[in-house]
Amino acid sequence: MTMLRNGAAVVAASLANVALCGAGGWRGGGWWDCATAFGAALPLLWVYTQCAFGYPLVQAVYVALAAEGVYRGAAAGDHAGWLAAAAALLMFTAARLWWNGMYVTLASDGRYLHPDALAEAAAKKAAAPPAGALRAAVFGARPEPAADNHGLVRKPRPPAAAAERPRRFVVIVNPAAGSGNGAAAWKAAERVFCEAAVPPTTFVKHTTPDRKGTDIASTFTEENIDAVVTVGGDGTISEVLNGLLKRPAAGRPTLGIIPGGTCNNFARDLNLGCPAHAARQCLAGVPTPVDACKVHHNGSVTYSMNTIAWGVGLRAVQFADQLGFLGPAKFDVGGLLAILTFYPTPIVTEWTLQDDSTVSLCGEYVIAMSQLCQRAGNGFRFGPHAKLNDGLVDTCLLKHVGVLRTLELFDEVKRNGCHPEHHDTNYVQWKKVTFETAVPTPISVDGEDTGTTPMTAECVPGCFSVLV
C-alpha cells in the first residue's frame, strides 16, 4: 500500500508538471508558446536528475509558467486559457502536498519514509568511508569505535529493571512543530501510553510563542519525575535540553524523545522511528548518557545537541525559516540561496583533538558545520562519522572553491556523506575549539541565531541522558 501511494504521488506530480507546461504556454491557442514551454522543461528535467537542488528549481519554473498562464489568459479575456492554467496550478499544489506527506508518512516497521530512504539504507549497509589522506596527515586518523549503523556507540549497559510503579512524565508538546506534525505525534504517543500494561502518569504542557520549551523545562514543579518527554522536532529538543540543564544536577530527569518535527535528525540517530515506537521506548527504555556541546559566545552559554552552524549552513537555516510553506524542501531551497549569496570569510581556529593535541587552521572558508548528530537540515549528512556518545564533536569545513564546486560538494553531502575524502574540505573531530573571524559573523546553535563570533565550544561527554 505504501509503495502504491508513493508511486501515485510521483505520477500525480509528473502529470501536474506536464499540465503546467502546457497551460503556461497556452494563451488563447498559442501553440508555439506551448511548445516553447515544453522545450524549456527538458533541460530542467536534466537539472532535476543531476542536482539535489534541481527539484525546487523545477517547481519554481513550473509555478511561474502557470502563474503567467493565469495572468495572460485573464488579461486577454481568454477564459479557457486562464482556467486551464489555474486548474494545473491547483493540481500541482495538491501533488506537492501529497509529496510533502511522504516525508512524514509512517511505514509499518516504524520508520520514516523519505525520498532518500533507499539510498540511505544502502549506505548504512556499507562501511563508513575511511579517513582521507589529508585528514590523517593534518588531524590524525581516528579508529572508528564499534558502533551500530546509527548515531550511538553501543556500550554495555544494565538491563532495564521491571517498573515497580508507573513512570511519571512531564510531556512538553510543540503542536506547531513540523507544520502540525507535533500535535499528531502526541496523539499517537498518548494512545500507546494509555494502552500500556502500566500506564505512565503524564503532566502535559504545550509550548506557545510566548512560552518556549526552555521555560517549561526549567520551571515545572511536579515532583518525582522520571523523564521529560519532548514531542516535536530538533528545535524543541534543544529548547527542552537547555531548560533541563538549568535545573540542579541532582535529581535532574532524563529525556524522552517522540519525533514530531520536520526532519527529526536527533531521533534518527537514536534509531527512533514513528511516534508510537518512540513512546514504547519511553516506557521500556534505559537512560543512556549522550554528549552535548557547551558553546560560549557574546558572554552567554548555550548547549547544543545537534548542530553549530556558521557560513552557508547558517544562511541556509535563515532562508529556510522564511520558506516554511515548502515543507522539508525549504532546506534544499535555502541551501541553494545561501550558496549563491554568501561570500567567503577568513577564519582562524584552534582545535583540541581526541589525544589532547592542538591543531590550528586558518584560511577562507564558506561553511563550518559542527555536528553531534550525523545530519543537519533535510538529511544533509555533514557529520558522517559523528556519534552521540563518543566524547567528540565532528566539524566539516568547506574551503572557498566557487559556486559550482560548492553545489557539487553539497550534493555529495546529501547523497552519501563522502565529502571528508575531498581535498576541498577539512573534517575535524575535536574536544574543544576556538573559532574567530576577521569581523564578527553570525553563528547558530541548533537552528537558532544565538550570537556572533568569536566563539569557544567544548564537548561535554555524558551531559544528559535519553531513554533508548
Side-chain angles (χ1 to χ4, degrees), residues 169-186 189 202-222 225 227-249 252-270 272 275 278 282 290-298 300-309 313-314 317-318 320-321 324 330-331 370-373 375-377 388 442-451 457 460 463-467:
F169 296 151
V170 168
V171 182
I172 301 178
V173 182
N174 181 359
S179 301
N181 291 333
W186 170 233
T202 58
F203 304 92
V204 183
K205 305 175 186 294
H206 291 78
T207 64
T208 65
D210 297 326
R211 194 177 185 218
K212 302 290 188 180
T214 303
D215 302 325
I216 299 174
S218 61
T219 59
F220 70 82
T221 58
E222 288 78 7
I225 296 300
V228 173
V229 178
T230 68
V231 185
D234 295 313
T236 306
I237 299 172
S238 181
E239 289 181 6
V240 171
L241 171 62
N242 277 274
L244 284 178
L245 293 178
K246 294 179 180 180
R247 305 178 73 94
R252 182 183 295 155
T254 191
L255 195 61
I257 308 295
I258 295 176
T262 302
C263 300
N264 305 302
N265 292 313
F266 189 74
R268 181 184 293 185
D269 276 17
L270 292 172
L272 298 175
C282 290
V290 296
D291 306 336
C293 187
K294 188 176 184 180
V295 183
H296 304 262
H297 56 94
N298 303 118
S300 64
V301 174
T302 308
Y303 287 87
S304 168
M305 37 58 67
N306 187 356
T307 301
I308 305 168
L314 168 63
V317 172
Q318 292 173 335
D321 288 342
K330 66 183 181 182
F331 294 104
S370 297
Q371 300 287 137
L372 287 116
C373 298
R375 297 169 180 82
L388 294 174
I443 61 170
S444 74
V445 177
D446 295 344
E448 296 293 328
D449 295 348
T450 55
V460 184
C463 181
F464 64 105
S465 295
V466 292
L467 289 171

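Computed from a predicted structure; not experimentally measured. Count residues from 1 along the sequence.
A salt bridge links Lys205 to Glu222: one of the charged nitrogens lies within less than 4.0 Å of a carboxylate oxygen.
The distance from atom CD of Glu239 to atom CG of Asn174, rounded to the nearest 0.5 Å, is 7.0 Å. Rounding to the nearest 0.5 Å places CG of Leu372 at 7.0 Å from CD1 of Ile308. Going from atom CG of Asn265 over to atom CD1 of Ile237 covers 9.5 Å, rounded to the nearest 0.5 Å.
Evaluated for a side chain to side chain contact (heavy atoms under 4.5 Å, CB included) with Cys463, the options Val290, Leu245, Leu241 yield exactly one hit, Leu245. Screening Asp291, Asn242, Val445, Val460 for a side chain to side chain contact (heavy atoms under 4.5 Å, CB included) with Ser304, the sole residue that qualifies is Val445. Just one of Asp215, Val170, Ile172 meets the side chain to side chain contact (heavy atoms under 4.5 Å, CB included) condition when paired with Phe220; it is Val170.
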Can you check side-chain contact (heavy atoms from CB on, under 4.5 Å) on Arg375 and Asp269, steps first, answer last? CA-CA 8 Å; Arg375 297 169 180 82; Asp269 276 17; 3.8 Å; yes
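Between Ala177 and Gly232 the shortest heavy-atom distance is CB-CA, 3.8 Å. Minimum interatomic distance between Cys282 and Gly256 (heavy atoms only, all atoms of both residues): SG-CA, 4.0 Å. Summarising the geometry of Leu467 relative to Ala227, their closest heavy-atom pair is CD1-CB, 3.8 Å, with the distance given to 0.1 Å. Residues Val231 and Thr236 come closest through the heavy atom pair O-CG2, 4.3 Å. Nearest heavy-atom pair, Leu314 versus Asp449, reported as atom, atom and distance to 0.1 Å: CD1-OD1, 3.2 Å. Closest approach of Thr450 and Asn298 over heavy atoms only: O-OD1, 4.3 Å.
At distances below 3.5 Å, at least one donor-acceptor pair connects side-chain atoms of Asp446 with backbone N or O atoms of Asn306. In this structure, Asn264 contributes its side chain and Gly261 its backbone to a donor-acceptor pair below 3.5 Å. Looking only at distances, a side-chain donor or acceptor of Arg247 sits under 3.5 Å from a matching main-chain atom of Ala217. Here the side chain of Thr214 pairs no donor or acceptor atom with the backbone of Gly243 at under 3.5 angstrom.
Contact check for Leu244 versus Pro253: side-chain heavy atoms found under the 4.5 Å cut-off. Residues Ile257 and Phe266 are in side-chain contact: their nearest non-hydrogen atoms beyond the backbone lie under 4.5 Å apart.
Residues meeting the side-chain contact (heavy atoms from CB on, under 4.5 Å) test with Ala320, sequence neighbours left out: Lys330, Phe331.
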